[in-house]
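Down below is the structure, laid out as structure tokens.
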Amino acid sequence: MTFAFDNSPVWLDLLGVFFFAVSGSLLAARKQIDIVGSLLLASLVGLGGGVIRDIILALVPAAFTNPAYLAPPLLATVLVFFLFSSVQRYTSLLILFDAAGLALFCMTGTLKALATGLNPVASVLLGVTTAVGGGLLRDITANEVPELFNPKDIYALPAFVGAAMTAVLWVFGVFNVLTAAGIAAVVFTFRVLAWRRSWQAPLAVRGWHRRVGGTGL
């Protein structure tokens, strides 16, 4: 049985919002931002990618039509507020929650694009945009170097892999709950391993060398 965005459970999208929202609240805690700012940052990262996706698709953003989308950022903010003092490795948690959100959003963004009639290539690009858009807004707002542009990490490539796998399986009619779980596991693992092992993509120009100690190229 195939799996399309229109008949997918809403909780799948909401779960992605929650994971990203937790990463936003954790970043707010690390930056010593107050609880109001934490809620705003959680909402920005949790809902930003989906809003960008829906605007590109000429749809009213789901965050503005379904009040349920407001619950995950609020829940994330409250959880971090009460639990952060006992959390020691918050950077690791931020990466883990961000990776989980990336894994879900690259699929839901691609599926929604396919369901509205976009071709697979455009759908993959929109899936990646959905996955990285919220994190980009989060980092810029918090005055952080966006992970998308971090030369010492890989961020968008796992989303590309997940979006491409989603589109291929959807085209062949074999995208279902089991294959979706497999794609999410691949994207999550890829993202976490890239962070833990400091995997890096080639620089923009062949022959350039990365800065060492800030002394030059």
Side-chain angles (χ1 to χ4, degrees), residues 2-5 8-24 26-27 42 45-53 56 62 72 76 91-115 118 120-139 146-202:
T2 57
F3 179 89
F5 187 90
S8 66
V10 176
W11 59 262
L12 185 64
D13 210 27
L14 294 177
L15 193 59
V17 173
F18 173 74
F19 287 142
F20 267 138
V22 171
S23 75
L26 286 171
L27 180 58
V45 62
L47 304 175
V51 170
I52 294 172
R53 172 199 66 203
I56 292 175
T91 300
S92 299
L93 283 177
L94 194 159
I95 296 296
L96 292 176
F97 277 100
D98 184 76
L102 194 78
L104 293 178
F105 269 24
C106 71
M107 288 191 295
T108 58
T110 303
L111 289 172
K112 191 164 188 178
L114 289 167
L118 262 65
V121 174
S123 297
V124 168
L125 294 177
L126 190 53
V128 175
T129 301
T130 305
V132 305
L136 180 63
L137 295 174
R138 173 198 63 204
D139 294 338
E147 285 296 319
L148 181 62
F149 303 125
N150 185 353
K152 298 180 180 180
D153 198 1
I154 293 178
Y155 191 71
L157 189 55
F160 267 112
V161 171
M165 292 175 66
T166 299
V168 170
L169 293 178
W170 186 88
V171 168
F172 286 99
V174 291
F175 189 90
N176 51 51
V177 174
L178 291 179
T179 55
I183 293 173
V186 169
V187 175
F188 179 83
T189 303
F190 186 2
R191 172 70 185 108
V192 173
L193 285 176
W195 170 70
R196 289 184 63 87
R197 300 187 179 182
S198 299
W199 290 346
Q200 301 171 351

**OP:** Measure the CG-CG distance between L93 and L26 for me, rounded to the nearest 0.5 Å.
**Re:** 6.0 Å

**OP:** Report the C-alpha separation of M107 and F175 in whole Å, then their side-chain angles, then the decisive distance to 0.1 Å, and conclude whether the side-chain contact (heavy atoms from CB on, under 4.5 Å) test is met.
**Re:** CA-CA 10 Å; M107 288 191 295; F175 189 90; 4.0 Å; yes

Original post:
Which atoms form the tightest heavy-atom contact between L125 and F160, and what is the distance?
Top reply: CD2-CE2, 4.0 Å

Original post:
Side-chain contact, heavy-atom cut-off 4.5 Å: F19 with L102?
Top reply: no

Original post:
Shortest non-hydrogen contact from L193 to W199?
Top reply: CB-CH2, 3.8 Å

**OP:** Grab the two heavy atoms, one from A103 and one from F188, that are nearest each other, plus how far apart they are.
**Re:** CB-N, 4.1 Å

Original post:
Nearest heavy-atom pair of A131 and A159: which atoms, and what distance?
Top reply: CB-CB, 3.9 Å

Subject >> From OG1 (T108) to CG (L14), nearest 0.5 Å >> reply: 10.5 Å

**OP:** Any pair with a residue in residues 177-195 that passes salt bridge (charged side-chain N to carboxylate O under 4.0 Å, His left out), sequence neighbours left out, goes on the list, sorted by first then second residue, please.
**Re:** E147-R191, D153-R191

**OP:** Search all heavy atoms of L104 against all heavy atoms of G16 and return the closest pair with its distance.
**Re:** CD1-N, 3.5 Å

Subject >> Evaluation steps, side-chain contact (heavy atoms from CB on, under 4.5 Å), between L47 and F20 >> reply: CA-CA 8 Å; L47 304 175; F20 267 138; over 6 Å; no

**OP:** Any chance you could lay out the side-chain contact (heavy atoms from CB on, under 4.5 Å) test for T110 and W170, step after step, and finish with the verdict?
**Re:** CA-CA 10 Å; T110 303; W170 186 88; over 6 Å; no

Original post:
Quick check: does any side chain N or O of T179 sit under 3.5 Å from a backbone N or O of N176, one acting as donor and the other as acceptor?
Top reply: yes

Subject >> Pair R53, T129: side-chain N/O donor-acceptor within cut-off below 3.5 Å >> reply: no

Original post:
Under 4.5 Å between any side-chain heavy atoms of F190 and V161, yes or no?
Top reply: yes

Original post:
Can you name the one residue among V17, V128, V187 that meets side chain to side chain contact (heavy atoms under 4.5 Å, CB included) with F105?
Top reply: V17

Original post:
Under a 4.5 Å cut-off applied to non-hydrogen side-chain atoms, are T130 and C106 in contact?
Top reply: no

Original post:
Where do V192 and A99 come nearest, in terms of heavy atoms and distance?
Top reply: CG2-CB, 4.0 Å

Original post:
Just how far is it from atom CH2 of W195 to atom CG of L94, taken to the nearest 0.5 Å?
Top reply: 9.5 Å

Subject >> D98 and R138 ion-paired at < 4.0 Å >> reply: yes

Original post:
Looking at CG of L178 and CD1 of I183, how far apart are the two atoms once the value is rounded to the nearest 0.5 Å?
Top reply: 11.5 Å

Original post:
Is there a side-chain contact between D139 and L27, using heavy atoms and a 4.5 Å cut-off?
Top reply: yes

Subject >> Heavy-atom side-chain proximity of I52 to L137 below 4.5 angstrom >> reply: yes

